[in-house]
Protein chains: 2
Amino acid sequence: MTASARPGRGASVQTVYAQLRQAIVELALPPGSPLDEVRLSQQFVMSRTPIREALVRLAANGLDITLPNRSTIVSPIDFERMPVYFEALSLMYRVSTRGAAIRHEAGDLEKIRAHQAAYAEAVETRDVSAMIGTNRDFHVTIAEAAGNPYFTAFFARLLDEGRRLLRLYYYQPVEDHLPRRYVDEHEAMVSAIEKGNAELCDELGAAHATQIVRRIQDYIARDMTSAMRLGPARRPRPRHSHSR
Amino acid sequence: MTASARPGRGASVQTVYAQLRQAIVELALPPGSPLDEVRLSQQFVMSRTPIREALVRLAANGLDITLPNRSTIVSPIDFERMPVYFEALSLMYRVSTRGAAIRHEAGDLEKIRAHQAAYAEAVETRDVSAMIGTNRDFHVTIAEAAGNPYFTAFFARLLDEGRRLLRLYYYQPVEDHLPRRYVDEHEAMVSAIEKGNAELCDELGAAHATQIVRRIQDYIARDMTSAMRLGPARRPRPRHSHSR
DNA sequence: TGTGTGCAATCTGTCGACAATTTGCGCGCA
DNA sequence: TGCGCGCAAATTGTCGACAGATTGCACACA
């Protein structure tokens, strides 16, 4: 989030956009926190104009919300939306994997396998940040192999929003056998794509999504029970107060 | 596209955005035409700043493309993308109609029927512009009834992009029996939604999309044969030169 | 006459400043 | 002490201007 070397003409907006995006999806900027234009124009050493443009582009991707005549804020995580979020995610898992099975071309599998290897390594080294990032890249690359830019863009947007959820819940207890299970599921997907088995890909995508949903439900449930043990007077989890 | 009454603080951007969007989807601004900031700031009577912000937001919705250090242009229609476009559109027809069958609530059907009636009237009066607009509203309202904002936003974006295609091909010969057929198909969809028959909705959505694809394919084929009759020396359709 | 170079016009990217709106605080009043 | 009003600070929306980049034209040259 700190200012780096001053970029050339035209690159300022992209710099700000990329850095803010990174900070948002990695929760360095927590949901609901204000994005003050003057403060940002001081942190990055530039005028408010490119800052504003970056904020508008972030808003278009759903990463922040512009309150008219008030400060724009990092998009809150609306937990009520989680069911429909996973509905969308599940469908895109299925569609992208299925499409990749049917339409993947020479070289696609190599790229997919490369991301898969990176993910497996992140699991081995227990690098949570790398796990989340490489997992996203893995699925985006599959979507690209499916050759439908409309789906790819939509899926990438969903996955980015999902990275924030994953940071909150998914990989919290790193001492866990489940990430390895996902490595296996990914392997099965790659294998099915290579064989061109669309139906199997569809099933694997749906199962993968189901797995993730159940996983997060478990964490939320554990979360609430552990919070309840603290007594009824305290709010369940103050950290979630920014949702809405 | 002309300047209207000067709006208040904060409304300028929305005004420019809405007007440009309208002009683009209705092909008043043809694909590939440049969106000059200074010219626009003269047409609307305001500074370049709100113009730029509107252009950025349009770019985020895929309606224009910003060429660095050059003028931004209205997004070209890439005819090579049409197959994958219809793949995406077809899926969203199915998902939104299916979802509406399962999750529609009180009052949703009334809104859907209102749009359907407006569409039917547009067909009767042979108002092409109204047909395209009401058709979009009809499907967006179904998507809203399905209650998944992720799908709704994606679908709306696809339908807006589709409005340009429709203007180019779909409703060109107004003397046609097919629009009435779509009225019937819409009726069937509403009925299936009301009954909560998700599987039937899925099939109707897929059939609706297939119908539209075949229709446009017919027009393109007719287009090319009629162009070929002009002789081999002339390019098939100069109007398509802006694609890519 | 065709081609390469250089200049001028045009347009975008960025900046600093002003105006309008919102927000928070302090004050008066019951 | 609690509540409402009004002012001041802070922040956004908009503006005009300057600098850098690109494009097109004119001109020189072969």
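We use all heavy atoms of the structure for the numbers below, so side chains are in, but hydrogens, waters and symmetry mates are not. Proteins get letters first, then strands, A, B, ... in listed order; numbering begins at 1 in each. Note that this is a predicted model, so its numbers are computed, not measured.
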What is the distance, rounded to the nearest whole Å, between atom [atom1] of [X] and atom [atom2] of [N]?
X	N	atom1	atom2	answer
B:Met46	D:dG16	CE	P	12 Å
A:Gln42	C:dG16	CD	P	12 Å
A:Glu37	D:dA10	CD	C1'	13 Å
B:Leu67	C:dT10	CG	C1'	16 Å
B:Tyr17	D:dG13	OH	P	17 Å

With sequence neighbours left out, what residues match [X] under salt bridge (charged side-chain N to carboxylate O under 4.0 Å, His left out)?
X	answer
B:Glu53	A:Arg52
B:Arg9	none
A:Arg136	A:Asp160

Using a cut-off of under 3.5 Å, enumerate the N/O to N/O pairs linking the protein to nucleotides 20-24 of chain D.
residue	atom	partner	partner atom	Å
D:dG20	N2	A:Arg9	NH2	3.2

Output a table of donor-acceptor pairs, distance under 3.5 Å, between side-chain atoms of residues 23-36 of chain A and any protein atom two or more places apart or on a different chain; print 'none' if there are none.
residue	atom	partner	partner atom	Å
A:Glu26	OE2	A:Gln22	NE2	2.9
A:Ser33	OG	A:Pro30	O	2.7
A:Asp36	OD1	A:Val38	N	3.1

Counting only pairs under 3.5 Å, give me each side-chain donor-acceptor contact of residues 90-97 of chain B, with atom names and distances, residues two or more places apart or in other chains.
residue	atom	partner	partner atom	Å
B:Arg94	NE	B:Asp202	OD1	2.5
B:Arg94	NH2	B:Asp202	OD1	3.3
B:Ser96	OG	B:Met92	O	2.7
B:Ser96	OG	B:Tyr93	O	3.2
B:Thr97	OG1	B:Tyr93	O	2.6

Listed by chain and number, what are the side chain to side chain contact (heavy atoms under 4.5 Å, CB included) partners of B:His115, not counting sequence neighbours? B:Asp137, B:Phe138, B:Thr141

Phosphate contact (C:dT12 OP1 or OP2) by B:Ser71 side-chain N/O below 4.0 Å: no

Counting only heavy atoms and a strict 4.0 angstrom limit, can you tell me which residues of residues 48-66 of chain B come near DNA chain C?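 Under 4.0 Å from DNA chain C: B:Arg48, B:Arg52.
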
Check: residues 54-61 of chain B side-chain donor-acceptor pairs under 3.5 Å, at least two apart:
residue	atom	partner	partner atom	Å
B:Asn61	ND2	B:Tyr17	OH	2.6

Between B:Arg164 and B:Ser75, is there a donor-acceptor pair closer than 3.5 Å when you use the side chain of the first and the backbone of the second? yes

